[in-house]
2 protein chains.
Amino acid sequence: MKTTKDFDVRQFLPYLLNQAAEASSLEFQKVYKDKYGMLRNEWRVLFHLGIYGRMTASDIGARAQMHKTKISRAVQRLAERRYLTRTRADTDRRVEYLTLTSAGQQVYRDLKGIAQDYDAALTDGISAEEAKMLRGLLLRLAQRD
Amino acid sequence: MKTTKDFDVRQFLPYLLNQAAEASSLEFQKVYKDKYGMLRNEWRVLFHLGIYGRMTASDIGARAQMHKTKISRAVQRLAERRYLTRTRADTDRRVEYLTLTSAGQQVYRDLKGIAQDYDAALTDGISAEEAKMLRGLLLRLAQRD
DNA sequence: ATGTAATAGTTGTTTTTGTAACTAACAAGC
DNA sequence: GCTTGTTAGTTACAAAAACAACTATTACAT
């Protein structure tokens, strides 16, 4: 399957994706880190709960493609900060329902707003069609495994 | 600047980029890790030297946007494996020129070939125009900071 | 020439992640 | 009911990354 035409590794998609992801995450990362002392995984768990409401750790893992240990630790820290509460399910006492507290919801709304502005800034020089196509392609790449 | 229209955080560019980057890196990561016992930073240093030939750690840092400690440690491990050699510059005895050994070049060529195939697989269901646009946009996002 | 700042790169320490092993609860077959 | 397997989530230990402090060398201003 190896083609003969030469290949520029600088154009290698995983590399470009990583570079773009790192560069574009930096500024926003500073926000949830400095303003709320949160890690990336915590922000991810938080916003999933913000979007979907009450859900279990496994649900989040399936949605966000995060490993359960990441979620476990993120949940622990979010619970310490009182951004969420955990309640055991009576039907199955292994599972734990996670819900944002009102403090957690406030943080979510704040960060979501900042994310929106930041996203707008990122897509500033890009046409709406391009941006839409970009998101679509990224979603496809993220889901293929 | 906050718009009123609601915003879906799942479409947040840094999030999509990270998801796509992680998913698309996994398979290739396995190659340089399992086949050559290399870390991502080592693969990055290696391919920069493969592309540009002799260069200093700072040069690599500027090109790859990598912090100098990452490079220092990557270079150390690559030198241990005899994939590169380090030579002090006479003109400025702080700087060190890094060059791939022939073993290093072989590894580079091998990984580059695999990367090429993998890239082709990733862009399989995507038109050439879309792929080109995607790379262009990623490059822009990577460079804006 | 000499003190101050800047640059190249390294090392040490602390956080964070990754991996695997673990506990607890449930499910299903016999 | 009791063994076997599966699922939810946690914990322990090892690997890696982040961050800050460090050495050595050069540059620059007075």
Side-chain angles (χ1 to χ4, degrees), chain A residues 18-19 21-23 25-27 29-30 32-34 36-45 48-49 54-81 84-99 145, chain B residues 18-19 21-23 25-27 29-30 32-34 36-45 48-49 54-81 84-99 145:
Chain A
N18 266 300
Q19 296 277 76
E22 274 173 36
S25 295
L26 264 183
E27 216 172 309
Q29 187 169 25
K30 262 186 67 67
Y32 57 67
K33 197 176 174 190
D34 294 353
Y36 295 110
M38 281 169 53
L39 262 28
R40 192 177 58 175
N41 290 332
E42 293 163 39
W43 151 242
R44 283 190 181 175
V45 166
H48 275 83
L49 290 172
R54 187 184 79 164
M55 63 199 301
T56 70
S58 302
D59 294 341
I60 298 174
R63 289 267 184 202
Q65 311 217 151
M66 280 170 74
H67 194 264
K68 55 186 183 175
T69 60
K70 285 186 181 175
I71 297 169
S72 177
R73 293 198 255 245
V75 166
Q76 231 176 320
R77 297 192 47 172
L78 290 171
E80 281 165 17
R81 277 158 219 261
L84 60 78
T85 56
R86 340 164 72 149
T87 52
R88 285 265 164 227
D90 326 322
T91 52
D92 183 342
R93 293 168 37 64
R94 287 170 303 181
V95 320
E96 217 174 37
Y97 290 117
L98 307 170
T99 323
D145 37 276
Chain B
N18 266 299
Q19 296 276 74
E22 275 173 36
S25 294
L26 264 182
E27 217 173 309
Q29 186 169 24
K30 261 185 69 65
Y32 57 67
K33 197 176 172 191
D34 294 354
Y36 295 110
M38 281 169 52
L39 262 29
R40 193 179 56 176
N41 290 333
E42 293 162 38
W43 151 241
R44 283 191 181 174
V45 166
H48 275 83
L49 289 173
R54 188 184 80 164
M55 63 198 303
T56 71
S58 302
D59 294 340
I60 298 174
R63 290 267 184 200
Q65 311 217 150
M66 280 170 75
H67 193 266
K68 55 186 183 174
T69 60
K70 286 184 182 176
I71 297 168
S72 176
R73 287 179 162 126
V75 166
Q76 232 175 320
R77 296 193 46 171
L78 290 171
E80 281 165 17
R81 277 159 219 259
L84 61 77
T85 56
R86 340 163 71 149
T87 52
R88 285 264 164 230
D90 326 322
T91 52
D92 183 342
R93 294 169 34 67
R94 288 170 302 181
V95 321
E96 214 173 40
Y97 290 118
L98 307 170
T99 324
D145 36 279

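A note on names: the letters A, B, ... follow the listed sequences, proteins ahead of strands, and every chain is numbered from 1. As a basis for the values below, the full set of heavy atoms in this structure was taken, side chains included, without hydrogen atoms, waters or symmetry mates.
- Listed by chain and residue number, A:T99, A:T101 satisfy the side chain to side chain contact (heavy atoms under 4.5 Å, CB included) test with A:T85 (two or more places apart in sequence, or in another chain).
- Residue contacts for B:L39: at a heavy-atom cut-off of 4.0 Å it reaches the sugar-phosphate backbone alone, with no base atom in range.
- With sequence neighbours left out, A:D34 forms a side-chain hydrogen bond (donor to acceptor under 3.5 Å, both in side chains) with A:K30.
- Across the protein-nucleic acid pair, A:I71 atom CD1 and D:dA8 atom P stand 11 Å apart, rounded to whole Å.
- Across the helix from C:dA1-D:dT30 to C:dC30-D:dG1, the helix axis at one end is tilted relative to the axis at the other end by 10° (nearest 10 degrees, each axis from five pairs).
- One atom, CD of B:Q29, and another, C1' of D:dA15, lie 13 Å apart when rounded to the nearest Å.
- In this structure A:R86 satisfies the salt bridge (charged side-chain N to carboxylate O under 4.0 Å, His left out) test together with A:E96, sequence neighbours excluded.
- Shown here are the side-chain hydrogen bond (donor to acceptor under 3.5 Å, both in side chains) partners of B:T69, two or more places apart in sequence or in another chain: B:H67.
- Here D:dT10 presents its P atom at 15 Å from CZ of A:R77, a figure rounded to the nearest Å.
- The side chain to side chain contact (heavy atoms under 4.5 Å, CB included) test applied to A:S25 returns B:P14, B:N18, not counting sequence neighbours.
- Remark: B:R94 pairs with B:D92 by the side-chain hydrogen bond (donor to acceptor under 3.5 Å, both in side chains) rule, at least two apart or across chains.
- Computed from coordinates, the A:K70 NZ to D:dA15 P distance equals 19 Å when rounded to whole Å.
- Backbone-only engagement by B:R86 is indicated by non-hydrogen atom pairs under 4.0 Å involving sugar-phosphate atoms exclusively.
- Residue pairs meeting the side-chain hydrogen bond (donor to acceptor under 3.5 Å, both in side chains) criterion with at least one partner in residues 70-80 of chain B, sequence neighbours excluded, are B:E42-B:R77.
- For B:R63, the side chain to side chain contact (heavy atoms under 4.5 Å, CB included) partners two or more places apart in sequence, or in a different chain, are B:H48, B:Y52, B:M55.
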Nucleotide by nucleotide, nucleotides 20-26 of chain D touches protein heavy atoms under 4.0 Å in the pattern (B base, S sugar-phosphate only, - none) B---BBS
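- Running 5' to 3' along DNA chain C, contacts with non-hydrogen atoms of chain B at under 4.0 Å begin and end at C:dA6 to C:dT19.
- Residues B:M66 and A:E22 form no side-chain contact, since every pair of their non-hydrogen atoms from C-beta on lies 4.5 Å or further apart.
- When the side chain to side chain contact (heavy atoms under 4.5 Å, CB included) test is applied to A:A89, the partners found at least two apart in sequence or on another chain are A:T91, A:V95, A:Y97.
- In this structure, A:R88 reaches neither bases nor backbone, as no heavy-atom distance under 4.0 Å exists between it and the strands shown.
- For A:K33 and A:Q76, each mapped to the nucleotide of DNA chain D holding its nearest heavy atom, the one lying further toward the 5' end belongs to A:Q76.
- Remark: B:R88 CZ is packed, more than 12 non-hydrogen atoms of other residues, nucleotides or ligands lying under 6.0 Å away.
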